[in-house]
Amino acid sequence: MTPPIAANQTYDTAAIRASDAAHHWHPFSDTKALAAEGARVIVKAKGSTLWDSEGNEILDGMAGLWCVNIGYGRKELADVAAKQMMELPYYNTFFKTTTQPATKLAETLVRLTPDGLNRVFFAGSGSEANDTVVRFVRRYWQLKGQPDRMTIIGREYGYHGSTLVGASLGGMTAMHRQTNMPLPGFSHIRPPYFLRDGGNMTPDAFGMVAAQALEDRIQELGPENVAAFIAEPIQGAGGVIIPPASYFPEIQRICRKHDILFIADEVICGFGRTGNWFGSDTFDLKPDLMALAKGLSSGYQPIAAVMVGDRVANTLMEEGGEFFHGFTYSGHPVCSAVALENLRIIEDEGLVERVRDDIGPYFQKALASLADHPMVGEVRAVGLIGAIELVKDKNGPVFFEKEGAVGTRCRDHCFANNLVMRAVRDGMVVSPPLIITRAEVDRLVEIARKAINLTQTDFGL
Ligand code: PXG
């Protein structure tokens, strides 16, 4: 791969590291330990390839953070951003004004998302989008004369953001423990994690058992107190937990039965990741609200959106009057223009179809070739999102006692061998750009096997 800018450009790695170590607080990091170790300095990227300041070429198996769907280095997006900045770099949409990029993006999203989602609210991040979702849901039930319907049920290992509300919707107990979360009004049920909990059941029988947890929780809380249920179609940051086919039909039946709103968090699954435009298409979901971010702009600009279904939108519009909610950057014109160009590329280049019919099946098959490894308990994938779960013993399976140590070591071996994969507990998760080539998929799997072998030797397994 040819780098996007002069190959002979040099960087003072030691100076950048020292400055980073002195002042920069990294997200989800042990800042003291990282400062001692020194961060790897990423300087440029093209396609599915990153370069660090020392000239190493790294294959990005994570599309950044599950977001660079169209790949790095697309000049079209840079051109659109520059043009929009010269024309109108910023204007808000608060006080009876609008901008063309925001309007056109809203119209495009309504066309691309499932039927019945006809209104769009813009935010700057997935966390803001989910915070907004909670505000819409609460206002809806208030207007319906059922203000006690306050509690939103999510799932263990769910990830919906890192603000207080995002993290409260999510089911990451490590996050909860550190800052006294979840806030009141949030509850969590078990995920449909077949490898861990399926036992001798068939996947479909287990899917029904996992969905029953929602019914049980609703009964515990009292249906009159439950506002909504939120789910990622595939739980991404929770370890790429793919639900059995029986799960979501039953979940949606339970929501309908109790008149509970259903929220799809499509922040990772949206924009082609699962081989359809949305995870909701792949799993036949009919959400009342949908959160979008990441692939909406392929990460080139920070932008997120909430798709508001007719049921909620009509109530708020007909009965609600002014809704006191908005962000300075809601519908930001540069972010919106870049998102529009990103969506144009996904459509014109047929990237969703590519994931569904070509590179997705190729990736799934290539990844599945790792299943014969004695440390691999399961390989699972849909579209271009997958996990390789490492276990102590395939029979059972038996998980490692000290959760996370093996996964983290394997991740470090991947990184040292110039492949970015994320470790979640002891699983390796992968979510490459939708433009990844077959040769790159082969390389990804080859390095992953090498990293697993090195990990096996390290732990004497
Ligand atoms: N919903 C889902 C499903 C996500 O994956 C968010 C909401 C929040 O989006 P923002 O833009 O506020 O970050 C996310 C974000 C990881 C990782 O390590 C995953 C995310 C963010 C950071 C790290 O897997 N997902």
Side-chain angles (χ1 to χ4, degrees), residues 25-30 34 60-69 122-134 152 154-172 174-175 181 186 188 191 228-243 263-271 273-274 278-280 282-283 285 287 289-307 327 329-330 332 335 339 382-387 404 407-408 411 414-415 420-432:
W25 196 291
H26 287 246
F28 280 88
S29 302
D30 177 337
L34 179 62
D60 186 3
M62 282 307 295
L65 262 182
W66 325 78
C67 57
V68 188
N69 288 15
F122 289 113
S125 68
S127 300
E128 284 180 8
N130 281 322
D131 203 297
T132 298
V133 161
V134 173
I152 301 183
R155 300 180 296 178
E156 293 157 19
Y157 298 144
Y159 190 83
H160 302 292
S162 194
T163 54
L164 281 168
V165 161
S168 292
L169 283 167
M172 299 296 190
M175 290 173 81
M181 296 183 287
F186 298 91
H188 303 88
F229 175 70
I230 185 166
E232 301 156 74
I234 293 173
Q235 286 177 262
V240 184
I241 299 173
I242 302 170
I263 307 156
D265 183 339
E266 293 267 8
V267 169
I268 284 180
C269 291
F271 305 104
R273 176 63 52 204
T274 67
F278 298 95
S280 292
T282 300
F283 294 99
L285 309 181
L289 295 133
M290 191 187 251
L292 304 172
K294 295 192 188 274
L296 169 55
S297 67
S298 284
Y300 279 63
Q301 289 285 290
I303 181 166
V306 176
M307 303 302 302
F327 303 111
Y329 300 130
S330 287
H332 191 289
C335 301
V382 171
L384 272 183
I385 181 169
T408 303
R411 192 266 320 272
C414 286
F415 206 29
V420 177
M421 292 226 270
R422 273 264 287 113
V424 178
R425 297 181 298 281
D426 292 306
M428 303 305 299
V429 297
V430 52
S431 163

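We count ligands from 1, going down the list as the structure has it; atoms in each ligand are counted the same way. All values derive from a computational prediction rather than experimental measurement.
At least one donor-acceptor pair closer than 3.5 Å links the side chain of Asn130 to the backbone N or O of His160. A distance-only check finds no donor-acceptor pair linking the side chain of Ser431 to the backbone of Ile385 [under 3.5 Å]. Checking side-chain atoms of Gln235 against main-chain N and O of Glu156 turns up a donor-acceptor pair under 3.5 Å.
The NE2 atom of His332 sits 7.5 Å away from atom CD of Gln301, with the distance rounded to the nearest 0.5 Å.
Proximity of Arg422 to ligand 1, defined as any heavy-atom pair under 4.0 Å, is confined to the side chain (atoms from C-beta onward). In Trp66, the part holding a heavy atom less than 4.0 Å from any atom of ligand 1 is the side chain.
Atoms of ligand 1 found under 4.0 Å from any heavy atom of Ile268, numbered from 1 in the order shown, are 5 (O). Atoms of ligand 1 found under 4.0 Å from any heavy atom of Ser125 (numbered from 1 in listed order, with element): 11 (O), 12 (O). For ligand 1 and Asn130, the ligand atoms under 4.0 Å from any heavy atom of the residue are 1 (N), 7 (C).
Of all the heavy atoms in Ser298 and Asn69, the pair that sits closest is OG-N, 3.3 Å. Ala129 approaches Leu292 most closely through the heavy-atom pair CB-O, 4.4 Å. Minimum interatomic distance between Val429 and Met62 (heavy atoms only, all atoms of both residues): O-SD, 3.4 Å.
Backbone and side-chain nitrogen or oxygen atoms of Gly161 are examined, and none is located within less than 3.5 angstrom of a nitrogen or oxygen of ligand 1. Annotation: Glu232 places no N or O atom under 3.5 Å from an N or O atom of ligand 1; distance criterion only. Close N/O approach between Lys294 and ligand 1 is found [any backbone or side-chain N/O within under 3.5 Å]. The shortest N or O to N or O distance between Asp265 and ligand 1 is under 3.5 Å.
For atom 7 (C) of ligand 1, the choice among His160, Met62, Gln235 with the nearest heavy atom turns out to be His160.
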Does the pair Glu232 and Tyr157 meet the rule for a side chain to side chain contact (heavy atoms under 4.5 Å, CB included), with working shown? CA-CA 10 Å; Glu232 301 156 74; Tyr157 298 144; over 6 Å; no
Would Arg273 and Leu384 count as a side chain to side chain contact (heavy atoms under 4.5 Å, CB included) if you check the C-alpha gap in whole Å, the side-chain angles of each, and the deciding distance to 0.1 Å? CA-CA 6 Å; Arg273 176 63 52 204; Leu384 272 183; 3.5 Å; yes
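Closest to atom 22 (C) of ligand 1, if we only count protein heavy atoms, is Leu65 CD1, 3.5 Å. The closest protein non-hydrogen atom to atom 2 (C) of ligand 1 is Tyr159 O, 3.2 Å. Counting protein heavy atoms only, atom 13 (O) of ligand 1 is closest to Ser127 OG, 4.4 Å. Of all protein heavy atoms, the one lying nearest to atom 10 (P) of ligand 1 is Gly126 N, 3.5 Å.
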